[in-house]
Asker: 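First, the structure itself, so that you have it in front of you.
Quantities reported herein were computed from a predicted structural model and do not represent experimental measurements. Chain letters run A, B, ... following the sequence lines, proteins first and then strands; every chain starts at 1.
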There are 2 protein chains.
Amino acid sequence: MTDTARSTTRYGTRPTMKDVAARAGVGLKTVSRVVNGEPGVTPDTERRVQEAITALGFRRNDSARVLRKGRTASIGLVLEDLADPFYGPLNRAVEEVARDHGALLINGSSAEDPEREQELVLALCARRVDGLVIIPAGDDHRYLQPEIAAGVATVFVDRPAGEIDADVVLSDSFGGARDAVAHLIAHGHRRIGFIGDQPRIHTAIERLRGYRTAMAEAGLPVDESWVALGPTAPERVRTAAEAMLSAPEPVTALFSGNNRVTVTVVRVLAGHPRPVALVGFDDFELADLITPGITVVAQDAALLGRTAATLLFRRLEGTDEPPQQRVIPTRLIPRGSGELPPA
Amino acid sequence: MTDTARSTTRYGTRPTMKDVAARAGVGLKTVSRVVNGEPGVTPDTERRVQEAITALGFRRNDSARVLRKGRTASIGLVLEDLADPFYGPLNRAVEEVARDHGALLINGSSAEDPEREQELVLALCARRVDGLVIIPAGDDHRYLQPEIAAGVATVFVDRPAGEIDADVVLSDSFGGARDAVAHLIAHGHRRIGFIGDQPRIHTAIERLRGYRTAMAEAGLPVDESWVALGPTAPERVRTAAEAMLSAPEPVTALFSGNNRVTVTVVRVLAGHPRPVALVGFDDFELADLITPGITVVAQDAALLGRTAATLLFRRLEGTDEPPQQRVIPTRLIPRGSGELPPA
C-alpha cells in the first residue's frame, strides 16, 4: 500500500483506508476490521465506517488486497438453473479463471426468480465474496449499488444488468438468431416457427428480434401463430410445436430459442410424420449423433465465462476503466436438420 | 430455548450455550457471538469459547436455531464437476429441499481434487454455512471433525465419507453394474468390456466389482484387457474402447461406467463397422433418440439429492440418531443398444 502518497482525497486519486478512518473518526485498524469482516467492532462504529466508505466511494479491492489477506479470496457466480447444461462450461470456465487467481468459486441458483437472485447475491456479499459474476433473473439491480460502492466487483454475463452501470458479457443473440432463420430461408422455407423462452428474458427478446429481422429482410410475412414465447417446460414447448405443425398451413421449419426448447422439439419431430427442418439456438451434447444431426447456433459458453471472470479479476486488481459491454459472436453449425427442404 | 431446564450437563442431555459459557468463564452473550459469528469478541476469548465447545461436544444447531436467527440459513453443496449433467438434478433437488426449509444453497466444485475439496469445505464453514452436502473427492475427511463438533451438519452423497462417521446416501453401484452385465450376458455376450472412471473413486470400484461378479456368476472368465479404468477424458476412453474393439478376439459388448464415458463410447461405436452392444451406467438426455437407443442403468440423481438434503435438515433440526447409510436402487432401461446380439 502507498497510504502516504495517497493520504488525501483529490480528483483522480482513489480514497484509501486512511481517508475512511479520518472521516469516520476511528483508527486505521478499525477500518481494516470492518472492511475485512473481522470481529472486534461495535455495531455503531461499524455503521460509521460504512457511512464513510459510502460517502468517499472507497473500494476495498485493490491489487494488493486479494494477495494480502490470510483468508482465501472467493468469488460468487449466480446463475439461473444449475441443471441447464448451457451453464456447465460457463461455470467451469469461471472456476478455472478463479483458480488461476488463487480464488475459490462459490455458486448459487436464482431458479429464474428475481427475488431469489437478490437474496442470494446479498447472502454471498454478507459472506464476504470479493466479487460476483451474475446471470441475472431480474431487471433491476439497484439493490447491488451499496455492495458495489463497498467494493464488491460485479460482472453480468448472458444477460445485461438492469438500472445500474456494470460490466456485461453477452452472446450475440440477435445476430445468431438472424443467421439461423436466414439459413432456413436459404433452404427454401417460408413458414418458419419460433419457440422461445419467456418474454421477460433479454435473450428471448433478442432472438425473437433476430427471427423477425431475418423474415423481414427476406420480405416474408410473420403469422403471429408462428411465434410462441413462454416457459421451457416440455409440456408448454410440445403444445406450441404441435399447434404450429398441425395448423391448416403448417410451418415447414422451426427455430428453437435455446437448448431446453430444442430437446423437446427434437422429441416432437421424432414422432412427426413429415420431415420438418430445425435449427436450435445453443449446441448440446450428442446433437451430431441424432438422425438427422441437429443444426445449431452455438454459443461459446466457456468464452462467455472466461471473459466475464477475466473482467472481474481486472476490477479486483483495481482497474478504473468505465464499465464495458463485450459481445461474443455465435457460430452456425450445419448438421442436417437445418438443411432439410420444405416438405 | 429451554436453557433453564437443561442448564447442567448430564448423560443424555445435550450441552447448552449456558454450559459452554460456564466452562469458558464468559457470559452467554459472548458464547452466542462466537457461535453466530458476530463481531465483538477478542481472539483469546473466542479461542476459550471454542475449546469449551469442543470439550463439551456442544452443537450449535438445534431446531430453534435455523428459525431463530435474523440472517438467512444456508447450506453448502460440494460436488466434483459442475459441468457433469449427472449432478444437475441432484443439485436442483438439494436446492429445492433447502428452499422448502427457508435456506439458501451455495455450491462449489472440487474438480475431483481432494485438496480443493478440503479448501472449499473449510471456506464454506468459515462463511458460516449451517450444513454441508458433500460429494467427496478425497478419502480422508478427518479435517471435518472440528467443524462437525462445532455443529456443522454434514451428509455425504454419491460416495462415502473416509475415516469419519457420517450420514451417507449412495446409489447401488454394485447392484446396478451387476444388472447391466447380466443383461448383456442374457443377450448372448461372452466377451464384455468395462470402461470405468479412475480406480480411486468409490463408485468406479463398486461398478467394477459388479461387472466381475456378473461375469463370475455366469461362469465367464475376464480377460484383463477387457477392463480399463482411468480418467473420463474423451481421448482416454476412445483409446480404451478402440483397443478392445480391435483386439484379435474383440469384445462384442461394452459396459461404460458413467455418463461421461458413455457419450464417448457412443461416438466410437457410431464410427465402428460392426454393431457392438452397449449398456451405460447413468441415464442421459436424448439417450432414447440416438439409433439404436442407448440402454442404461439409471440412477435416481434427484432422489439421491433429496434424500441427502432431507437427512441434513433432520440433523439441523437436532436429531440425535446415529449416522446412517442409505442406498438408492438403480433401474435398467432397455432401449436397443443393450439388446443387440453378438456380431
Side-chain angles (χ1 to χ4, degrees), chain A residues 33-34 37-43 45-46 71-74 76-79 81-85 87-96 99 104-109 111 113 116 119-120 122-124 126-129 259 263 266-267 269-270 284-291 294 301-302, chain B residues 33-34 37-43 45-46 71-74 76-79 81-85 87-96 99 104-109 111 113 116 119-120 122-124 126-129 259 263 266-267 269-270 284-291 294 301-302:
Chain A
R33 283 200 179 110
V34 171
E38 289 159 5
V41 183
T42 66
T45 303
E46 177 161 4
R71 72 183 177 85
T72 310
S74 65
L77 170 60
V78 174
L79 37 75
D81 181 0
L82 291 160
D84 182 338
Y87 296 116
L90 190 157
N91 213 324
R92 191 142 64 177
V94 172
E95 188 182 34
E96 280 164 9
R99 193 173 322 180
L104 285 168
L105 174 65
I106 58 185
N107 300 62
S109 158
D113 173 347
R116 187 94 185 156
E119 191 183 18
L120 190 58
L122 294 178
L124 291 174
R127 284 165 179 79
R128 307 270 168 199
V129 294
N259 79 78
V263 295
V266 167
R267 275 179 203 290
L269 296 186
F284 58 98
E285 196 163 67
L286 301 177
D288 55 325
L289 290 187
I290 296 166
T291 309
I294 306 301
Chain B
R33 283 201 178 110
V34 171
E38 289 159 5
V41 183
T42 67
T45 304
E46 177 160 4
R71 71 184 178 86
T72 311
S74 65
L77 169 60
V78 175
L79 37 74
D81 181 1
L82 291 161
D84 182 338
Y87 296 116
L90 190 156
N91 214 323
R92 192 142 63 176
V94 172
E95 187 182 35
E96 280 164 7
R99 193 172 323 178
L104 285 169
L105 175 65
I106 57 185
N107 300 62
S109 158
D113 173 347
R116 186 96 185 154
E119 191 183 16
L120 191 58
L122 295 178
L124 291 173
R127 284 166 179 76
R128 307 273 168 197
V129 294
N259 77 78
V263 294
V266 167
R267 274 178 203 290
L269 296 186
F284 58 98
E285 196 163 67
L286 302 176
D288 56 324
L289 289 187
I290 296 166
T291 309
I294 307 300

Asker: Among B:Leu120, B:Asn107, B:Val129, exactly one meets side chain to side chain contact (heavy atoms under 4.5 Å, CB included) together with A:Ile106. Which residue is that?
Answerer: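 With A:Ile106 as partner, B:Leu120, B:Asn107, B:Val129 yield a single side chain to side chain contact (heavy atoms under 4.5 Å, CB included), made by B:Leu120.
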Asker: Given a strict heavy-atom distance threshold of 4.5 Å, which part of A:Leu124 is in contact with chain B: side chain, backbone, both, or neither?
Answerer: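 When you check distances to chain B, only side chain atoms of A:Leu124 fall under 4.5 Å.
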Asker: With a 4.5 angstrom heavy-atom cut-off, which part of A:Val263 approaches chain B: side chain, backbone, both or neither?
Answerer: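 Interface part for A:Val263: both.
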Asker: How far does CG of A:Leu104 sit from OG of B:Ser109, to the nearest 0.5 angstrom?
Answerer: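 Answer for the CG-OG pair, A:Leu104 versus B:Ser109, is 10.5 Å.
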Asker: Which value, rounded to the nearest 0.5 Å, describes the distance between A:Leu289 atom CG and B:Thr291 atom OG1?
Answerer: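 Separation between the atoms: 10.0 Å.
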Asker: Considering non-hydrogen atoms only, spot the tightest contact between A:Ala83 and B:Pro89 and give its length.
Answerer: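 Minimum heavy-atom contact is CB-N, 4.3 Å.
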Asker: Do the side chains of B:Asp288 and A:Arg267 get nearer than 4.5 Å, heavy atoms only?
Answerer: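 Yes. Closest side-chain heavy atoms under 4.5 Å.
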Asker: Among A:Glu46, A:Glu285, A:Arg116, which residue forms the greatest number of heavy-atom pairs with chain B at distances under 4.5 Å?
Answerer: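 Answer, by heavy-atom pair count under 4.5 Å with chain B: A:Arg116.
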Asker: Side chain, backbone, both or neither: which part of B:Leu90 has an atom under 4.5 Å from a heavy atom of chain A?
Answerer: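 Contact with chain A involves no heavy atom of B:Leu90 at all.
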Asker: For B:Val266, is it the side chain, the backbone, both or neither that has a heavy atom under 4.5 Å from a heavy atom of chain A?
Answerer: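 Contact with chain A is through both the backbone and side chain of B:Val266.
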Asker: Which atoms of A:Tyr87 are under 4.5 Å from chain B, going by heavy atoms: the side chain, the backbone, both sets, or neither?
Answerer: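 For A:Tyr87, no heavy atom lies under 4.5 Å from chain B.
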Asker: Quick check on the interface: out of A:Val41, A:Thr42, A:Asp81, who has the most heavy-atom pairs with chain B under 4.5 Å?
Answerer: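 Option with the top pair count is A:Asp81.
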